[in-house]
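Here the structure comes first, spelled out in structure tokens, and everything after it is commentary.
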Amino acid sequence: MERGVAKVLGGDPKGNNFLYTNGKSVIIRNIDNPAIADIYTEHPHQVTVAKYAPSGFYIASGDVSGKIRIWDTTQKEHLLKYEYQPFGGKIKDIAWTEDSKRIACVGEGREKFGAVFLWDTGSSVGEISGHSKIINSVDIKQTRPYRLITGSDDNCGAFFEGPPFKFKFSSTDHSRFVNCVRFSPDGNRFCTAGADGQIFLYDGKTGEKLGVLGAAKAHEGGVYAVSWSPDSSQLISASGDKTVKLWDVGTSMALTTFNMGGDVMDQQLGCLWQKDHLLSISLSGYINYLDKSNPDRPFRTIKGHSKSIQSLTVHKNKGRAHIYSGSHDGHINYWDAETGENDCFSGKGHSNLVTKMAVDEADQLVTCSMDDTVRFTSVTKKEYSASNLVKMDFQPKHVSVATGGLTLAVCIGQVVLLKDQKKVFTLDSLDYEPEAGAIHPGGSTAAVGGADGKVRLYSVQGNTLKDEGKSMEAKGPVTDMAYSKDGAYLAVTDEKKVVTVFTVADDYSVKNDFYGHHAKVVTLAWSPDNEHFASGGMDMMVYVWTVNDADKRLKIPDAHRLHHVSGLAWIDEHTLVTTSHDASIKQWTLKF
């Protein structure tokens, strides 16, 4: 989400799913059960809008480079049908004709601001002219005779007849940017909504002005989106004044005002009326299901990450597994592994990328971040507190935990031992750059992996770390490391695409080397059975390895298509969780 920029939501013609974009992904979600979701990640650039064809078989999505991809919705692979570049620049809105044969798209072109073309050949079926600035919104009447409308930053709406679509006239009723234009489903009317807080109504066939919603104006703030009811008698509007209003079109009166909060993050930038569901999107990225009987409280709010996820862990509380994830913007979420329901911790947390996380024996989520802090947050209270924060001298990049309240934090040029949330020992002026660390579950040994490809062992003696003078060789600069849950093995991943496992009891001799990744391995996680572990790399692959047999492996190709895997965790012996820069978390069932 971006302040002052409308978010277009798409709905499927049957009313079961809705669509939105985040980063380079298009996300399809079931409206009744949002835990049922699918993700399309084939765009090379940030995607701005996606719309279902009225047939329901295809989705057209547009990105900031001006590319439109039309892809199949019926198969899991989402095969690409056609790709077009109607103009060079960001695509802001897309509309289909009701026969799913023609597509109109508008946005920030260099030489033109819009195009209408046949979906299967890309040949033009009209010209979108009449505007002098960026076009924000487009819609096509879903009944014959076809009409097309646009709204632009030049404060005008424009009306077209076709096909081939030709400019007829423009309307100059708005005094600020026109953010959204939409036809009613029956085609009898259309409305335009603007940054001036006004919503005007027009005749769908002739384009003549019929009236205005509300008394002086519809909203106190700019209106970013409108969506009609399926029967064309009502519509909802989303505004920067932090409200959504439900209008009766016949009387031009607001029937309900949904107050979404008082914070700037509660500005409403998108809305969708789908069957009986009224959805709105806040600047915070939350998707709200509005409740007509209780307008000040949505009956469901969907939350998640809007930035790439960098770290992941799983913790079982009273037999229920929860997934914890930390993202690029410092946001930490917890997810119920069974239902997918999620929320974020309350209070003020990390202000920058969360690099690593683990849960200690006191049921605290230990996280380290690029804001130079390590935080200890109770997973039962789910609330940040200023007292549970430890400031580091240098940026931490890795943390691990062990019994006895021990935490090992690996920072730039420093290794720090913490006990019960306090720094007790620091190793600095090292002759190598530490990259990752692991503390033995028993708390007796700390292993630190360096950029020089060596793993050094330190014994934990009281509150100090003592260099044992022992080191092992990885195949390249170390990227991640972890002891198995029973402490029998230490696994180390490196930049040279290899995972090396050492046997702890056998004086850390090499148990096996695991080859298979085509690029740098960045993360690993041990299965609770201590016999398997998973690794993920820049090659977008996830492998599940068997400790005793380096040739026996499970491969999950394209775990997060076109995005590399950034975190792994296990819920049980047969359930693996992966996350990635596509800001999604996936749960896999493994069959050995």
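Model, not experiment: these values are computed from the prediction.
We find that E338 and R320 are joined by a salt bridge, their nearest charged nitrogen and carboxylate oxygen being less than 4.0 Å apart. For the pair K51 and D93, the salt-bridge criterion is met [side-chain N within less than 4.0 Å of a carboxylate O]. Electrostatic pairing of D291 and R297 does not count as a salt bridge here, judged by no charged N lying under 4.0 Å from a carboxylate O. Salt bridge K217/D196: absent, no basic N to carboxylate O contact under 4.0 Å.
A distance-only check finds no donor-acceptor pair linking the side chain of Q142 to the backbone of S184 [under 3.5 Å]. No donor-acceptor pair under 3.5 Å is formed between the side chain of S282 and the backbone N or O of G285. When atom types are taken as modelled, the side chain of H277 and the backbone of K275 share no donor-acceptor pair closer than 3.5 angstrom. Put simply, the side chain of T73 gets close to the backbone of F57: a donor and an acceptor are under 3.5 Å apart.
Aromatic rings of F183 and F190 (six-membered ring for Trp) have centroids within the 6.0 Å cut-off, being under it. A ring-centre distance under 6.0 Å is not found for W71 and Y58. Aromatic pair F117/Y84: ring centres closer than 6.0 Å.
When the salt bridge (charged side-chain N to carboxylate O under 4.0 Å, His left out) test is applied to R3, no partner is found at least two apart in sequence or on another chain. Applying the salt bridge (charged side-chain N to carboxylate O under 4.0 Å, His left out) test to D343 and every residue at least two apart in sequence or in another chain returns K303.
Using cut-offs of 30° and 60° on the angle between ring planes, the pair H350 and Y384 is perpendicular. Below 30°, between 30° and 60°, or above 60°: for Y334 and Y324 the angle between ring planes is between 30° and 60°, a tilted geometry. Ring pair F299/Y289 is perpendicular by interplanar angle, where above 60° counts as perpendicular and below 30° as parallel.
Within the 4.5 Å cutoff, side-chain heavy atoms of I332 are placed close to those of M357.
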(request) List the steps and the verdict of salt bridge (Lys or Arg N to Asp or Glu O under 4.0 Å) for R189 and D203. (result) CA-CA 5 Å; R189 299 190 187 91; D203 182 280; over 6 Å; no
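Under the 3.5 Å distance criterion, with hydrogens and angles disregarded, a donor-acceptor pair is assigned to the side chains of N288 and S280.
Atom CD of E341 sits in a sparse spot, with 12 or fewer heavy atoms from other residues, nucleotides or ligands closer than 6.0 Å.
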